Protein chains: 2
Amino acid sequence: MSDVFAALADQTRRALLDRLFVKNGQSLTDLHHGMAMSRQAVAKHLHILETANLVSVHWQGREKLHYLNPVPLGEIVHRWVGKFEDARIAALTDFKQQVESASKPLPSDKPEEKRHAHQ
Amino acid sequence: MSDVFAALADQTRRALLDRLFVKNGQSLTDLHHGMAMSRQAVAKHLHILETANLVSVHWQGREKLHYLNPVPLGEIVHRWVGKFEDARIAALTDFKQQVESASKPLPSDKPEEKRHAHQ
DNA sequence: TTGACATGCAACCACATGGTTGCATATAAG
DNA sequence: CTTATATGCAACCATGTGGTTGCATGTCAA
């Protein structure tokens, strides 16, 4: 779970996933091509994606082909994000209720970055 | 974008979001209560969530109340998950095509963790 | 068999991250 | 006014992370 989010937190790894979107089943050398870092750095990123189960691997002779694995994202993230999605409307309503019941005028209809006297 | 994923990559921060999910609009002290770390550590985490726009803030006297902001999650993550979702079927098809065109028998109908002679 | 190619492993390094403590400041309460 | 409360800021520290380089190993092609 943390693995998936952590894997996605890196720009390079998202770029690798993007490249696999465009063309699935690429080797390390393929994916390294055009990247501004060493092959080993790319290999490390791919291993992280593999561990997070976002990429599956298939050996073919001396080449290790990388494939997108969309399943864990669909399962795990959807469940998490879904939770918040459901709360989307409720959150706004709750905010109004809570702030109004605290007898303070509403500065906006959404909890924005209203800086107070502090800092 | 990276901010959102990075913010979610930490267990403590997800726990904080969970607590705000249960009860929205809590102060730092509220959220610190029961956590096995210093108040300042919690404050740092909250600031990261604030920066990632996952939490909005509203000052009320000397209290800083924290509110869930589900919008960026909905927008950014959904877009990414959707991308994977769309590629779900395509990935399987692509894999079959590519492996078969490489004149190798298909070991399974999905690119699983088939370990080869390596390692 | 020999050489080129694709990958893996390990040591190392700079910087980011998550945590601490101490102290300062603003607000509420007596 | 004084004191307690809620938060912020800054220095500091251990560990994790993203990158490097060098070398070893497995596989394909002459």
Side-chain angles (χ1 to χ4, degrees), chain A residues 2-17 19 25-52 54-67 102-104 113-119, chain B residues 2-17 19-20 25-52 54-67 98 102-104 113-119:
Chain A
S2 272
D3 289 351
V4 177
F5 288 123
L8 292 173
D10 187 273
Q11 167 57 40
T12 302
R13 288 192 286 271
R14 288 199 304 274
L16 286 171
L17 292 176
R19 295 182 70 157
Q26 296 189 65
S27 71
L28 169 58
T29 305
D30 291 339
L31 291 165
H32 172 231
H33 208 254
M35 287 251 158
M37 67 183 65
S38 70
R39 176 181 54 82
Q40 284 81 351
V42 177
K44 282 193 188 178
H45 283 299
L46 286 172
H47 194 261
I48 288 171
L49 289 170
E50 221 180 309
T51 301
L54 291 168
V55 159
S56 302
V57 141
H58 176 242
W59 278 98
Q60 185 162 330
R62 63 182 168 183
E63 285 193 328
K64 190 184 187 181
L65 302 182
H66 299 78
Y67 295 87
S103 64
K104 272 274 193 174
E113 300 290 323
K114 290 280 183 214
R115 280 346 191 143
H116 200 262
H118 290 269
Q119 47 178 323
Chain B
S2 271
D3 290 352
V4 177
F5 287 123
L8 292 173
D10 187 275
Q11 166 57 39
T12 301
R13 288 192 286 270
R14 287 200 305 275
L16 285 170
L17 292 177
R19 295 182 69 158
L20 286 178
Q26 296 188 64
S27 71
L28 168 59
T29 305
D30 292 338
L31 291 165
H32 172 230
H33 208 254
M35 287 251 159
M37 67 184 66
S38 71
R39 176 181 55 81
Q40 284 81 351
V42 177
K44 282 193 187 178
H45 283 299
L46 286 172
H47 193 261
I48 289 170
L49 289 170
E50 222 179 310
T51 301
L54 290 167
V55 159
S56 302
V57 140
H58 176 242
W59 277 98
Q60 186 162 330
R62 64 182 167 184
E63 284 192 330
K64 190 185 189 181
L65 302 182
H66 298 78
Y67 296 86
Q98 294 194 30
S103 65
K104 271 275 197 175
E113 299 290 323
K114 291 278 184 217
R115 281 341 191 149
H116 201 262
H118 291 269
Q119 50 177 316

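Per chain, numbering begins at 1; letters A, B, ... match sequence-line order. Since this is a predicted model, take the numbers as computed values, not measurements.
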With sequence neighbours left out, what residues match [X] under side chain to side chain contact (heavy atoms under 4.5 Å, CB included)?
X	value
A:A9	B:F5, B:A6
B:T29	B:S27
A:L28	A:R39, A:V42, A:A43, A:L46, A:H66
A:T51	A:D3, A:H47

Whole angstrom value for the distance that separates [atom2] of [N] from [atom1] of [X]:
X	N	atom1	atom2	value
A:L16	D:dG19	CG	C1'	14 Å
A:D30	C:dT7	CG	C1'	13 Å
B:Q26	D:dT7	CD	C1'	16 Å
A:W59	D:dC28	CH2	P	11 Å
A:L28	C:dG8	CG	P	7 Å
B:H47	D:dA10	NE2	C1'	14 Å
B:L31	D:dT7	CG	P	9 Å
A:E63	D:dA29	CD	C1'	14 Å

Below 4.0 Å: OP1/OP2 of D:dG8 and any side-chain N or O of B:K64: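 So the side chain of B:K64 is within the cut-off, an N or O lying under 4.0 Å from OP1 or OP2 of D:dG8.
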
Only counting residues at least two apart or in another chain, list the ones meeting side chain to side chain donor-acceptor pair (under 3.5 Å) with [X].
X	result
B:Q11	B:R14
B:H45	B:R13
A:S38	none

Heavy-atom pair with the smallest gap, counting every atom of B:D30 and B:R19: O-NH2, 3.5 Å

Do you know which two heavy atoms are closest between B:L65 and B:G25, and how far apart they sit?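 What the structure gives for the nearest pair is CD2-O, 3.6 Å.
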
If you measure from the Lys or Arg side-chain nitrogens to the Asp or Glu carboxylate oxygens, is any gap between A:K64 and A:E50 under 4.0 Å? yes

Enumerate the residues from residues 5-14 of chain A whose closest heavy atom to DNA chain C is under 4.0 Å, giving them by residue number; use none for an empty result. none

Below 4.5 Å, heavy atoms only, C-beta onward: do B:L31 and B:L20 meet side chain to side chain?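 Sidechains of B:L20 and B:L31: in contact.
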
Identify each atom pair where a protein N or O and an N or O of nucleotides 1-5 of chain C are less than 3.5 Å apart, giving names and distance.
| residue | atom | partner | partner atom | Å |
| --- | --- | --- | --- | --- |
| C:dC5 | O2 | A:R62 | NH1 | 3.1 |

Short of 4.0 Å, heavy atom to strand atom, which residues of residues 37-46 of chain A count as contacting DNA chain D? A:M37, A:S38, A:Q40, A:A41, A:K44, A:H45

